[in-house]
Amino acid sequence: MNACEGLRSGVYHYCQKHHALHLIEAEEDVKPFLYDVLYGQDYFLNAAVTVFYTSVIDRIKWKYKGARIYRLMHYETAHYAQNFLLAGTAHNLGVFMTAAFKESLVESKLGIDGVHEVAMYVTGAGQKDEIGPYARAGIELSENVPADFKIVLPKALSSTAEQKILG
């Protein structure tokens with residue numbers, strides 16, 4: 001948490017069982033940690049909240065067996081992150097996400113081992129910026145598709161033989 005009314009600045013753990021936040025480490029300024037762990041993605045620095053998603057492998061293994069659990073960890077993380085982004089957008093917040101982060105630093109800060117519980121993804125939310133959270137020096141973003149640009153859907157495969165050839 002960086003700037004949430006009623007909460008100290010710091011690192012929290014969300015306990016799903018009790019639907020509660022627990023302070024792991026109070027930090028007056030989380031920006032240096034965020035800058036380092038997120039490879040300098042500075043649009044996270046002024047976020048009111050940054051969420052690091054983790055997966056506890058044993059919680060998934062009880063239901064799913066084999067290597068498939070690793071794929072399902074990504075699906076579940078993506079669903080949680082998508083809901084966070086949709087809810088933030090509905091509340092007119094600036095929301096953003098990244099998979100570019102230093103796992104070992106996240107694991108160390110959160111006190112997880114990177115084997116039984118692993119860091120998966122990062123989202124953030126804060127006050128919406130007029131130019132968007134991804135505005136950075138030297139990067140120009142397009143807001144509109146050019147008028148002469150044509151979106152073309154792929155041609156449907158006409159026969160079963162074509163489908164077999166192309167996979």
Q | Check against side chain to side chain contact (heavy atoms under 4.5 Å, CB included), Lys102 and Val106 | A | CA-CA 7 Å; Lys102 298 175 184 175; Val106 172; 6.0 Å; no

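- Applying the salt bridge (Lys or Arg N to Asp or Glu O under 4.0 Å) test to pairs two or more places apart or on separate chains, none has a residue in residues 81-96.
- Proximity of Thr77 to Ser55: side-chain heavy atoms (C-beta onward) are separated by under 4.5 Å at one or more points.
- Counting heavy atoms from C-beta outward, Met97 and Leu85 have side chains that approach closer than 4.5 Å.
- In this structure, Val51 is not a member of the same hydrophobic cluster as Leu86, with clusters built from ILVMFWY side-chain heavy atoms closer than 4.5 Å.
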Q.
Is there a side chain to side chain contact (heavy atoms under 4.5 Å, CB included) between Thr50 and Val122? Walk through the geometry before answering.
A. CA-CA 7 Å; Thr50 301; Val122 185; 3.6 Å; yes

Q) Run the ring-ring contact (aromatic ring centres under 6.0 Å, His included) check on His22 and Tyr14 step by step: do they pass? A) CA-CA 6 Å; His22 301 282; Tyr14 169 71; 8.9 Å; no

Q. So His116 and Asp58, side chain to side chain contact (heavy atoms under 4.5 Å, CB included) or not? Walk me through it.
A. CA-CA 7 Å; His116 296 95; Asp58 288 341; 4.2 Å; yes

Q: Check the pair Glu76, Arg59 against salt bridge (Lys or Arg N to Asp or Glu O under 4.0 Å), reporting the backbone distance first and the verdict last.
A: CA-CA 12 Å; Glu76 287 188 3; Arg59 287 189 195 153; over 6 Å; no

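- Heavy-atom minimum distance, Tyr53 versus Ala81: OH-CA, 3.5 Å.
- One finds the CG atom of Leu21 at 9.5 Å from the NE2 atom of His13 (value rounded to the nearest 0.5 Å).
- In terms of modelled atom types and a separation under 3.5 Å, the side chain of His74 and the main chain of Tyr70 share a donor-acceptor contact.
- Side-chain contact between Tyr80 and Thr123: absent, with no pair of heavy atoms (C-beta onward) separated by less than 4.5 Å.
- Nearest heavy atom pair, residue Leu38 against residue Phe101, reads CD2-CB, 3.7 Å.
- The minimum heavy-atom distance between Lys31 and Asn46, with the atom names listed, is NZ-OD1, 3.0 Å.
- In terms of hydrophobic clustering, with Ile, Leu, Val, Met, Phe, Trp and Tyr side chains grouped at heavy-atom distances under 4.5 Å, Ile60 and Val56 are assigned to different clusters.
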Q: Take Val118 and Ile112 through the test side chain to side chain contact (heavy atoms under 4.5 Å, CB included) and record every step on the way to the result.
A: CA-CA 7 Å; Val118 295; Ile112 61 177; 6.0 Å; no

Q: Kindly indicate, with the supporting measurements, whether the criterion ring-ring contact (aromatic ring centres under 6.0 Å, His included) is fulfilled by Phe44 and Phe96.
A: CA-CA 8 Å; Phe44 276 91; Phe96 33 89; 4.7 Å; yes

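- Around the NZ atom of Lys65, the shell of radius 6.0 Å holds more than 12 heavy atoms that belong to other residues, nucleotides or ligands.
- Considering every non-hydrogen atom in both Val95 and Gly88, the closest pair reads CG1-CA, 3.7 Å.
- The two residues Ser9 and Val30 have their closest heavy-atom pair at OG-CG1, 4.0 Å.
- Closest non-hydrogen pair, Phe84 versus Gly124, comes out as CE2-O, 3.6 Å.
- Between Leu110 and Phe52 the shortest side-chain heavy-atom distance falls below 4.5 Å.
- Looking at Gln41 and Leu34, their side chains never come closer than 4.5 Å, going by heavy atoms from C-beta outward.
- The pair Arg8-Glu25 fails the salt-bridge criterion, with no side-chain N (NZ, NE, NH1 or NH2) lying under 4.0 Å from an Asp/Glu carboxylate O.
- A continuous path of ILVMFWY side-chain contacts below 4.5 Å connects Tyr75 to Ile57, so both sit in one hydrophobic cluster.
- Using a 4.5 Å heavy-atom threshold, the side chains of Glu27 and Val11 count as touching.
- In the model, Thr54 has a side-chain atom that pairs as donor or acceptor with a side-chain atom of Glu117 under 3.5 Å.
- In the hydrophobic clustering of this structure, Trp62 does not group with Leu72; members are Ile, Leu, Val, Met, Phe, Trp, Tyr whose side-chain heavy atoms approach within less than 4.5 Å, directly or through other members.
- With hydrogens and angles ignored, the 3.5 Å screen pairs a side-chain donor or acceptor of Asn83 with a backbone N or O of His79.
- No donor-acceptor pair under 3.5 Å is formed between the side chain of Lys61 and the backbone N or O of Ile69.
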